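In what follows, a single structure is set out as structure tokens and then discussed.
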There are 2 protein chains.
Amino acid sequence: MVAYSTMNDDAVFKALADASRRKLLDRLRQKNGQTLSELCHGLEMTRQAVAKHLAILQKANLVAWRREGRERLHFINPVPIHSIAERWISKFEHPRLQALAKLKRNLEGKES
Amino acid sequence: MVAYSTMNDDAVFKALADASRRKLLDRLRQKNGQTLSELCHGLEMTRQAVAKHLAILQKANLVAWRREGRERLHFINPVPIHSIAERWISKFEHPRLQALAKLKRNLEGKES
DNA sequence: TAGTTATGCAACCAAATGGTTGCCTATTCC
DNA sequence: GGAATAGGCAACCATTTGGTTGCATAACTA
């Protein structure tokens, strides 16, 4: 029995809507536990902007961090993405190519 | 061999970021081929607002429509959602509970 | 043909978003 | 202790976003 809260779906979708944030997730996936400064390298924006993005990812529960001395180590949390994939995207679990053919037929005005 | 264009991922993510648009997709999933007016029923916003949302969904290739007399029939296209689910979300295909445990360990500062 | 229904188009508006700069605090290193 | 490094916080700004109103056009229907 799984009692998942669909409550913060919106936060997750919104967090994923921005390319910079998706890039940050990608980077963390490649190397987990990076510091804030480390995550800034190569991104064409200020540290403060990156910190804002990470805060948004954190509120969506996609990223967590812990303080270590003067540094902040960031860790990715893949669970919310999976939850959404499973319970929202799986709504569309028809055979895809079949669905595409159906869409085309519909657009052409034939009965499906 | 699959040659997928990762180009309009951004449009899809952004389209999905809005709760009203997700609701519209849900409605079309329940009943495909609805008209614009039909899709407006029960939504607390003007027809024009709904039309804008549908235009965004269309640009993301999540919805298509055809003209039928004075009406516009809308059809859902589940393919882009599947594509993203498969090639982006599957990046996070570690065993999830294991990943969550790892995240906790990381936050607690123990080596994983 | 006249009225009603379905949609299109454009201007406008407030709030959210994504970014900046400036400055302050806390650690670490010499 | 003093300089350098890592990050926190707040004010500010332009653009995007999500919505509106107003009006025009096209197609059914009586």
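Everything numeric in this text was worked out from a predicted model, so none of it was measured. Within every chain, numbering begins at 1; the chains are lettered A, B, ... in the order of the sequence lines, protein sequences first and strands thereafter.
Checked against side-chain hydrogen bond (donor to acceptor under 3.5 Å, both in side chains), B:R27 has no partners two or more places apart in sequence or in another chain. Remark: A:N32 pairs with A:L28, A:F75, A:I76, B:N106 by the side-chain contact (heavy atoms from CB on, under 4.5 Å) rule, at least two apart or across chains. Applying the ring-ring contact (aromatic ring centres under 6.0 Å, His included) rule to B:F13 yields the partners B:W88; only residues at least two apart in sequence or on another chain are considered. For B:A55, the side-chain contact (heavy atoms from CB on, under 4.5 Å) test picks out no residue, with sequence neighbours left out. Remark: A:K52 pairs with no residue by the side-chain hydrogen bond (donor to acceptor under 3.5 Å, both in side chains) rule, at least two apart or across chains. Listed by chain and number, the residues in a ring-ring contact (aromatic ring centres under 6.0 Å, His included) with A:H53 amount to none (sequence neighbours excluded). Judged as a side-chain hydrogen bond (donor to acceptor under 3.5 Å, both in side chains), and not counting sequence neighbours, B:Q58 has no contacts.
Remark: side-chain polar atoms of B:R21 are not paired, donor with acceptor, to backbone N or O of B:L16 under 3.5 angstrom.
Contacts classified as salt bridge (Lys or Arg N to Asp or Glu O under 4.0 Å) and involving residues 69-82 of chain A (residues at least two apart or in different chains) are not found.
Residue B:K59 contributes atom NZ, which lies 10 Å from atom P of D:dT17 at whole-angstrom precision. Here D:dC9 presents its P atom at 12 Å from CG of A:L36, a figure rounded to the nearest Å. The separation between B:R72 atom CZ and D:dA26 atom P is 16 Å, rounded to whole Å. Between B:E71 atom CD and C:dT4 atom C1' there is a gap of 14 Å when expressed in whole angstrom units. Computed from coordinates, the B:I56 CD1 to D:dT16 C1' distance equals 10 Å when rounded to whole Å. The distance from atom CD of B:Q58 to atom C1' of C:dT7 is 15 Å, rounded to the nearest whole Å.
Nearer the 5' end of DNA chain D, as judged by each residue's closest nucleotide, is the contact made by A:T35, out of A:T35 and A:K14.
Within residues 16-27 of chain A, no residue has any heavy atom closer than 4.0 Å to DNA chain D. Within residues 44-54 of chain A, the residues that place at least one heavy atom under 4.0 Å from DNA chain C are, in residue-number order, A:M45, A:T46, A:Q48, A:A49, A:K52, A:H53.
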Run the side-chain donor-acceptor check on residues 37-47 of chain B: report pairs under 3.5 Å with partners two or more places apart or on a different chain.
residue	atom	partner	partner atom	Å
B:E38	OE1	B:T35	N	3.2
B:E38	OE2	B:K31	NZ	2.4
B:T46	OG1	B:A49	N	3.3

May I have the step-by-step check of salt bridge (Lys or Arg N to Asp or Glu O under 4.0 Å) for A:R22 and B:D10, ending in yes or no?
CA-CA 10 Å; A:R22 292 197 300 277; B:D10 196 64; 2.8 Å; yes
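Between C:dT5 and B:S37, no contact under 4.0 Å exists linking OP1 or OP2 to a side-chain N or O.
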Give every pair of a protein N or O atom and an N or O atom of nucleotides 24-30 of chain C that lie under 3.5 Å apart, one pair per line with the distance.
residue	atom	partner	partner atom	Å
C:dT27	O2	A:R70	NH1	3.1

